[in-house]
**Student:** 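What follows is a single structure, and I will ask about it in a moment.
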There are 2 protein chains.
Amino acid sequence: MFVTGHTRLGSSADLPQGQQKAASIRDVAQAAGVSYQTVSRVINCHPNVREETRKRVQEAITVLGFRRNATAFALASGVNRSITVLTSNTLLYGYAATLQGLEEASRAAGHTLGVRVLTPEDDLDRTIASAADTGGGLVVIGFDRLGAAALDRVPAHVPCAAVVEAPPPGSSPGLPAVWADDREAARSATAHLLALGHDTVHYVAIPASTGSRRSVGPRAEGRRQALESAGVAVPEPSGKGWDAQAGYEAGKKLARDPEATAILCGNDDLALGVLRALHHAGRRVPEDVSVIGFDDAPHSAYVTPSLTTVRMDFQGLGRAAFGLLRTRLDTGQHAPTAPPAEPALVLRESAGPRRT
Amino acid sequence: MFVTGHTRLGSSADLPQGQQKAASIRDVAQAAGVSYQTVSRVINCHPNVREETRKRVQEAITVLGFRRNATAFALASGVNRSITVLTSNTLLYGYAATLQGLEEASRAAGHTLGVRVLTPEDDLDRTIASAADTGGGLVVIGFDRLGAAALDRVPAHVPCAAVVEAPPPGSSPGLPAVWADDREAARSATAHLLALGHDTVHYVAIPASTGSRRSVGPRAEGRRQALESAGVAVPEPSGKGWDAQAGYEAGKKLARDPEATAILCGNDDLALGVLRALHHAGRRVPEDVSVIGFDDAPHSAYVTPSLTTVRMDFQGLGRAAFGLLRTRLDTGQHAPTAPPAEPALVLRESAGPRRT
DNA sequence: CTGAAAGCGCTTACAG
DNA sequence: CTGAAAGCGCTTACAG
């Protein structure tokens, strides 16, 4: 029988449990025999403080275990170094890696990072407002419909940056945003498959991030363009989801089509599902069918056959988005954020020359 | 050529760019012709307000687009509904899923969730202090050495809950913590392999979370116990890392040992690496070697062979940890958190009867 | 039901 | 170099 437990861990620091109120700058001032303004000066490293009084105050601070109240500081100074990211997902590789880049960058800059997951049940305006109320600024991950919808509703006056799937249609000014060139990447992956001798390339799509129009997303678009400029047929995309299960469903159908010898997938999870469906159908990869994924998730190099895919620099995207938000927040200049790495096709085992 | 870009997205809300200060409670009061205390009453849904004045205030609020300043509220009321989680990782499945459970629970409870990644370079005391300064409370993920070390340094007076790999040695009171019974799960997985006819079970370990002592972690411990009570040999564990690469390295050595017909892995990523190494060595799974993973990451069901593994309820662990912190924060009672699901062996293709 | 006062813990000018 | 004042935007008693 399995057991799941919980208890209280032993704590090495057996401080007074007295729950006494934390020391304030007035307490420190009294202990040091100065005014509390002077205490404020030393904790803010103000230059005009006599060395001896500084020492005295410093000592009182350590004795009392004083810690400046962050909330009071924020209110009085107007400085709020906290940002919150709005995202519909935290587990899928692209999102998680972007989040990681965001966290890394904000930590390096001394900002605090909050995460708020968006759900279909959310009143987006309300959610955005309450996130904005928190202070510092927002960054929204607009990879999907929900994220993109949130993006559209961010009021112009709240500091916000976005990481999106594709550049906005017009060149309208507005929210600062970052993206990778998914379209070109898909074009390149498709061209690779074509060069391998395949008649055309099927596509198992990730859900579109834009509800409106015929827009199917840059990855689908890139494949289409590559096929069209090669003058070959453009099979209808399939796929209805983000995960391996969705890939499996799409793959089952594709596996029945003997003409389908090359399949590009909207992400690596889908590709895994496709691989699995192909396996179940008795079709070998890459001998019978070639498969290319997208994103280069950590495990993609270790599955068998290892997955040929497009490496995406999500972390870099996250870092860049933070950089954008940061310059929007304070007009001061910082070292410019390094640009994300460009998407790159990673050749592995799952794609090869057409043999049938 | 790939291009990565960034620009400003068009924003539907073309509000006045005037960057004018947000309306305060006094602005609202003036607009409504009441005192600001009254405004405070209506935004706090205080019952004693005449319906008509309430309406008047409400209208002024919407007209001015008033939003209560969260920082000021926190300072004045002493209420701080924000928690921050300390973790050394956000990308590995176990961590990411725990994080997800934490986010979900805190969102449901109306708390804000911050994430601070721990690095080896951190001055843990400093990091903890600054996280604690943020307000609400801490939850630390103690799956690894860094997290466990942080846990040890959390001062007794800061509200904190932990999710850990194993119950603390003594029954010392201290930090509230949650864990799953990894040891029993490993025992069960090992027994399964033994029942399949394997002479013994090798183990590719995840890094230990405790630096001290011979303690190798509950998963390693569970396997050892199962082997010992079966009276079979206990091969030395291998593995030096968390990812597929580490699994691959360990797997390469194990693949050379013809006696190694059953391998338990500390997590699914390691198992993937082992599978890959076995494949490269020409050893079939499960015909020649059986492999069992741990955690049941999302893709484990879709690789080939699909991975027999132990499903862990990390999300439930995260939710439970939040519940613990919450009751520590306010003594008030809430609906008790549902206990996490118990670890469960998931039978798939990678483990089978010994055949050689 | 509503207003005037005091205070949350700090910072920012302003005086000495 | 250091202290007294005013204020950040709100809430919590206290009066009416």
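A note on names: the letters A, B, ... follow the listed sequences, proteins ahead of strands, and every chain is numbered from 1. If you're wondering where the values come from, they're calculated on a predicted model, not measured in any experiment. What you see below is based on every heavy atom in this structure, not just the backbone, and it leaves out hydrogens, waters and symmetry mates.
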**Student:** Salt bridge check, B:Arg56 against B:Glu52: does any charged N sit closer than 4.0 Å to a carboxylate O?
**Tutor:**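 Yes.
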**Student:** Could you check whether any side-chain N or O of A:Arg81 sits under 3.5 Å from a backbone N or O of A:Ala109, counting only pairs where one atom can act as donor and the other as acceptor?
**Tutor:**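 At least one qualifying donor-acceptor pair exists.
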**Student:** Treating primed atoms plus P, OP1 and OP2 as sugar-phosphate and everything else as base, which nucleotides of nucleotides 6-13 of chain D get B, S or - for protein heavy atoms under 4.0 Å?
**Tutor:** BBBBBBB-
**Student:** Do B:Phe143 and B:Thr87 pass the side chain to side chain contact (heavy atoms under 4.5 Å, CB included) test, and can you show the C-alpha distance, the side-chain angles, and the key distance before you say yes or no?
**Tutor:** CA-CA 9 Å; B:Phe143 290 158; B:Thr87 177; over 6 Å; no
**Student:** For A:Gly101, does its backbone N or O pair with a side-chain atom of A:Arg319 as donor and acceptor, under 3.5 Å?
**Tutor:**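 Side chain of A:Arg319 to backbone of A:Gly101: no pair is present.
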**Student:** Look at the side chain of A:Asp122 and the backbone N and O of A:Leu124, then say whether any donor-acceptor pair between them is shorter than 3.5 Å.
**Tutor:**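 No; zero donor-acceptor contacts below 3.5 Å.
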**Student:** Looking at residues 52-60 of chain B, who's got a heavy atom less than 4.0 Å off DNA chain D?
**Tutor:**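 Of all residues in residues 52-60 of chain B, none places a heavy atom under 4.0 Å from DNA chain D.
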**Student:** Should the pair B:Glu51-B:Arg54 be classified as a salt bridge under the 4.0 Å nitrogen-to-oxygen rule?
**Tutor:**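 Looking at B:Glu51 and B:Arg54, the cut-off is met.
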**Student:** Between B:Asn80 and B:Thr134 (side chain of the first, backbone of the second, donor and acceptor by atom type, cut-off under 3.5 Å), is there such a pair?
**Tutor:**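 Confirmed, B:Asn80 side chain pairs with B:Thr134 backbone.
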**Student:** Over all heavy atoms of both residues, which pair between A:Ile128 and A:Pro155 is shortest? Give the atoms and the distance, please.
**Tutor:**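 Looking at all heavy atoms of both residues, the shortest contact is CG2-CD, 4.0 Å.
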**Student:** Is it the case that the side chain of B:Asp144 and the backbone of B:Leu146 share a donor-acceptor pair, with hydrogens and angles ignored and the cut-off at 3.5 Å?
**Tutor:**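 Yes; judged by distance alone, with no hydrogens or angles, the pair exists.
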**Student:** Could you spell out the base pairing of DNA chain C as a dot-bracket line? Use Watson-Crick and G-U wobble contacts where both distances are under 3.5 Å, [ ] for crossing pairs, | for partners on a different strand.
**Tutor:** |||.||||||||.|||
**Student:** If every non-hydrogen atom of A:His111 is compared with every non-hydrogen atom of A:Leu329, which pair is closest and at what distance?
**Tutor:**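 For A:His111 versus A:Leu329, the nearest heavy atoms are CE1-CD1, 4.3 Å.
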